[in-house]
There are 2 protein chains.
Amino acid sequence: MRVSLKDVAAHAGVSVKTVSNVVNKYQHVTPATREKVQRAIDALGYRPNLTARHLRKGRTGIIALAVPELGNPYFAELAGAVVDAAAAHDYTVLLDHTQGSRERELLVTQGFRARVIDGLILNPLELEAEDLAARTDDAPLVLIGERRYDLPHDHIAIDNIAAARTAVRHLLDLGRRRIAFLGARGDRPSQPSHLRLLGWQAELAASGVTADEALVAPVEGWDRADGAAGMAALLDAGHRPDAVFAYNDLIAIGAMRVMSERGLRVPEDVAVVGFDDLTEGRYGAVTLTTVAPDKQAIARLAVESIVERLAGEGGVGATRRLHPGFALMERESTLGRRPAN
Amino acid sequence: MRVSLKDVAAHAGVSVKTVSNVVNKYQHVTPATREKVQRAIDALGYRPNLTARHLRKGRTGIIALAVPELGNPYFAELAGAVVDAAAAHDYTVLLDHTQGSRERELLVTQGFRARVIDGLILNPLELEAEDLAARTDDAPLVLIGERRYDLPHDHIAIDNIAAARTAVRHLLDLGRRRIAFLGARGDRPSQPSHLRLLGWQAELAASGVTADEALVAPVEGWDRADGAAGMAALLDAGHRPDAVFAYNDLIAIGAMRVMSERGLRVPEDVAVVGFDDLTEGRYGAVTLTTVAPDKQAIARLAVESIVERLAGEGGVGATRRLHPGFALMERESTLGRRPAN
DNA sequence: ACCCTTGCTTCCAACGTTATACAAGACGGA
DNA sequence: TCCGTCTTGTATAACGTTGGAAGCAAGGGT
């Protein structure tokens, strides 16, 4: 049997609203009354019903996070960070994954669990700008991830072009010249890996190295198996890169496995740089050099964006494009194993 | 501006309840009325307010999942499976992680987001039986994971003892005799890794192999770094196992990294078996032999347990102990690399 | 023609909470 | 003494939804 404000009020001999006032720490309550009510609350074990409170106040205290795939450690780690960041603002996280399907991404933007959420953090892969423009739900939406849209929603993402250039710069500094980009996908200019590919091109161009388009290797997806298949295809086609810049760590890991099977040494024959800084990359036989986006910052900024827009009662403040930091983690896949270690 | 049943009713020229009836697919509504209402719904873009519905019906359509750590791929993959299983029953998943802290686990059982959830799936690590017994919240609770409690809650977990025995059996069949167990923790008989340790002991005993307690190696946590530290300590103590059965894949991966650094070959010098079948284990330089719990089944059974108890209007049906299947995935860390592959 | 049934719709109340308006008393200043 | 102001508590009305009862036609049996 549930105990409500009414029960507490009856038990304490005051009105329902007075109990509500005590619960909500309303200022003007005599200490005597307050204590009397508190005693009744403790005696009955009263817990507020958040659903009713939310119906009344119009807020649920829940924000949704929609990522492509929880099985991808990057998104899992990010989800963990979002849960923590949300908790800091007394929000809880409702989770969904879109499996990288445009349809599911669309569904999520059109009102994930209709009205139970105060805001939505979405990492789109396939969604197009017109899909987002057609959105009717009015809960604040924050976009994260590499894709960019020219739309009135906050967007949180590291500077992907600069990050990619840093990775390629590192490989160039090591003397590599035939640097493959592993992770192209589709022909659209807005393909998900667009920016990192641009960074690859830009840094090569800036260094006067001819970008060999044959070294832009496509993948079918973003997982280890896709990286393995993509790398195998590249090698089967007769190409011999001396370095690989992978779209993400999973692809890099799959590629390294294939190289290991074929007797290619990392980094002696082929240096590898990934992207995401998964914990996984720090424990392989060859630890992975990678670009580390600041996941905590991404999560924190995304949550704060929603909290602020909710507090701001509507369109206060212009759309923001925030760029958390990143760092290049130099490890064995480019430097080789340190003898001292 | 939000549109409610009232708005739709006014627009369609019928009562609020009739609109509600249409929305809920109530049988006795004339096709004409139904269509008229439907048109109004479409015109106004009405979406039901789940908070209000919940207040009235007592259900939210949300189940919570609390796991120790989302950064652990096992839990991330499991969370993904739970999201999918829940979606099959029109439920959405609210996520939290407990960081393996007893306090946070306790908080979660005592009414995660007070009353907004219909049920809770919890994977406890540190929680004690008395904590669970003291629980006041009456939403259905399903436990998953290795730890067992003699309490009236459904529990979904593979047969950990049998699974551990299978793993050890595999190592024995390969001729290994000095098999370490890497992943003991604390002295409590109810320590989290209890059952797998029991399985290790049982299978050794059944095979007439003396269990060397010096080969039961402790770890500080469940991640790769803990496995690395535990393995290093074991080796530093002068022990030379010819096989390692690790509590989970992450520990096994950490241990393999340490062995690689020290020039020990896997599996020639030391064979390794893990537990969880993380995708990660399939792409290392040495792929990992591991026990694969049926994660889809665990997720499905956990969700179904909650759905059934909610449908059953209270204590219908006795407490269940369900054991989804598992399989031993034999890979390079015990078999060596196949030349053909 | 009457009543009874059946089918559809409406009205009302309730879920537990908080906002608003207001009442009752206390207090200080003129 | 009286009036305004401040403090504290109460009564009532919402928030959006659904369950149950009641209303109201139309149709069939007698």
Side-chain angles (χ1 to χ4, degrees), chain A residues 1-38 40-41 44-62 111 113-118 137-139 313, chain B residues 1-38 40-41 44-62 111 113-118 137-139 313:
Chain A
M1 199 50 189
R2 314 230 129 141
V3 31
S4 74
L5 278 187
K6 192 156 59 174
D7 304 318
V8 176
H11 190 273
V14 297
S15 81
V16 171
K17 186 65 211 295
T18 300
V19 180
S20 171
N21 285 339
V22 171
V23 171
N24 292 289
K25 308 196 201 310
Y26 180 65
Q27 280 195 341
H28 302 301
V29 180
T30 3
T33 312
R34 185 182 302 278
E35 189 174 349
K36 185 171 58 179
V37 170
Q38 190 57 51
I41 288 176
L44 298 178
Y46 168 77
R47 309 276 304 276
N49 181 325
L50 294 194
T51 304
R53 177 178 292 172
H54 296 152
L55 175 59
R56 183 61 233 223
K57 308 228 296 187
R59 296 279 168 78
T60 59
I62 297 177
R113 296 303 289 176
R115 307 241 178 107
V116 292
I117 61 159
D118 290 345
D137 202 76
D138 54 358
E313 296 291 343
Chain B
M1 199 54 186
R2 313 230 130 142
V3 31
S4 74
L5 279 186
K6 193 157 58 174
D7 304 318
V8 176
H11 191 271
V14 296
S15 81
V16 171
K17 186 66 205 296
T18 299
V19 181
S20 170
N21 285 338
V22 171
V23 171
N24 292 287
K25 306 195 203 309
Y26 180 66
Q27 281 195 341
H28 304 300
V29 180
T30 16
T33 310
R34 184 182 303 279
E35 189 175 348
K36 185 171 58 181
V37 171
Q38 189 57 53
I41 288 176
L44 299 178
Y46 168 77
R47 309 283 303 278
N49 180 325
L50 293 196
T51 304
R53 178 179 291 173
H54 166 51
L55 178 59
R56 184 61 234 236
K57 309 227 299 185
R59 295 281 166 76
T60 58
I62 297 177
R113 297 301 294 176
R115 307 234 184 113
V116 293
I117 61 159
D118 289 347
D137 203 74
D138 56 357
E313 295 293 344

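Residue numbers start from 1 in every chain, and the chains themselves are labelled A, B, ... in the order their sequence lines are given, proteins ahead of strands.
Between the side chain of A/D118 and the backbone N or O of A/R59 there is no donor-acceptor pair closer than 3.5 Å.
Atom CG of B/L55 sits about 12.5 Å away from atom CG of B/L50, to the nearest 0.5 Å.
Residue A/N24 places at least one side-chain N or O under 4.0 Å from the OP1 or OP2 atom of C/dT18. When the side-chain nitrogen and oxygen atoms of A/Y26 are compared with OP1 and OP2 of D/dT10, none of them lie within a distance under 4.0 Å. Regarding contacts with the backbone of C/dC11, every side-chain N or O of B/S15 stays at 4.0 angstrom or more from both OP1 and OP2. Note on A/R53: a side-chain N or O is less than 4.0 Å away from OP1 or OP2 of C/dT18.
Nucleic acid contact class of A/S4 (heavy atoms, under 4.0 Å, all strands): sugar-phosphate only. Across all strands shown, A/T30 has heavy atoms under 4.0 Å from sugar-phosphate atoms exclusively, and none from any base. Using a 4.0 Å heavy-atom distance criterion, A/V23 is classed as making no nucleic acid contact.
The side chain of A/K6 sits closest to C/dC15 out of C/dC15, C/dC8, D/dT10. In the set C/dT10, C/dT18, C/dA13, the nucleotide with an atom closest to the side chain of A/S20 is C/dT18.
Defined by atom type and a distance below 3.5 Å, a donor-acceptor pair is missing between the side-chain atoms of B/T60 and B/H54.
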